[in-house]
Amino acid sequence: MKRPPFVISIQSQVVFGHVGNSAALFPMQAAGLEVAAIPTVLFSNTPHYPTLRGRPLPPDLFAELLQGARERGLPERADYLLTGYIGSPEVAGMVADFVAEAKAANPRLRYICDPVMGDTGPGLYVPEAIAGVMRDRLLPMADIATPNPFELAWLTGQQIRTLGDLEAARAALPLAPEAQVIATGCVLEDTGEGLLETVLLGPGPASRHRTTRLPIALPGTGDLFTGLVVAGIGQGLTLPRAIETAQTLTARALCHADALGAGEVVLSEPEFRRALLTLGEG
């Protein structure tokens, strides 16, 4: 019997709500992927609530979790390695070391770097030391990167207004020539009223994937989207099709949360769950 695609996912975890691994883990597992989830922080909830409990994982504890993953041979087994939010510079350095080791031990491994560092409005919400590790150490190893326009602008100093700006930012990123960039949440000068774009940049022409721009902003949206993209490619979808599927399912989750009056992404909507079970079929 063939083993399912295997993912190591290194990002945040919360007790309540859906961000980081708490957003990405369920859709990847429901789509049939096996996932080893390694937390970088453990919080009670997302920071937009009046109180926040928990903390970034202490470096010694995080190092033990990585060592346990090594002892179980997870880097050699993995098909995909996904990184997202990181809570301290020390852990960021350990993540970079682990990614480098995993790629050296397993040449078929595809590394997806979601450089979670900020967004339009809140600005940069991680220390510059962490953002610097993402720029200088993680992005150069990425096979796929999923920055939003703010992150692209911070990383490259390039304002993002047009497709040409996106292409210039892609060229300025410290990426391997064959790496692909999924620029998320783009509203360009020619996007069209009421629309939002995901733009795939890399070797060859860019591809633009437009969807309805929803008046809904919830924590964890980007983490869910990236998890859905990994679920799609893990089940054999082309990257453009995985992007479009992730757009559709993310929108469904957001609309369901809005209908419930929830302040968090909700992953329990029946059609959302059914779509995950059949991802890659047909």
Would you say the side-chain atoms of [X] pair up with the backbone N or O of [Y], donor to acceptor, closer than 3.5 Å?
| X | Y | answer |
| --- | --- | --- |
| Q11 | P39 | no |
| D165 | R161 | yes |
| Y111 | A145 | no |
| T212 | L214 | no |
| E244 | R241 | no |
| N45 | T51 | yes |

When you compare the side chains of [X] and [Y], does any donor N or O come within less than 3.5 Å of an acceptor on the partner?
| X | Y | value |
| --- | --- | --- |
| Q247 | T245 | no |
| T162 | E189 | no |
| D114 | T146 | yes |
| S207 | H209 | yes |
| Q13 | Y85 | no |

Residues [X], [Y]: salt bridge by 4.0 Å N-O rule:
| X | Y | value |
| --- | --- | --- |
| D79 | R108 | yes |
| E271 | R274 | yes |
| R208 | D190 | yes |

Which residue is it: E101, E76, E64? I am looking for the one with a salt bridge (charged side-chain N to carboxylate O under 4.0 Å, His left out) to R70.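 So the option named by the test is E101.
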First locate atom CG of L267, then atom CG of L249, and finally report the distance between them rounded to the nearest 0.5 Å.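 L267 CG to L249 CG: 10.5 Å, rounded to 0.5 Å.
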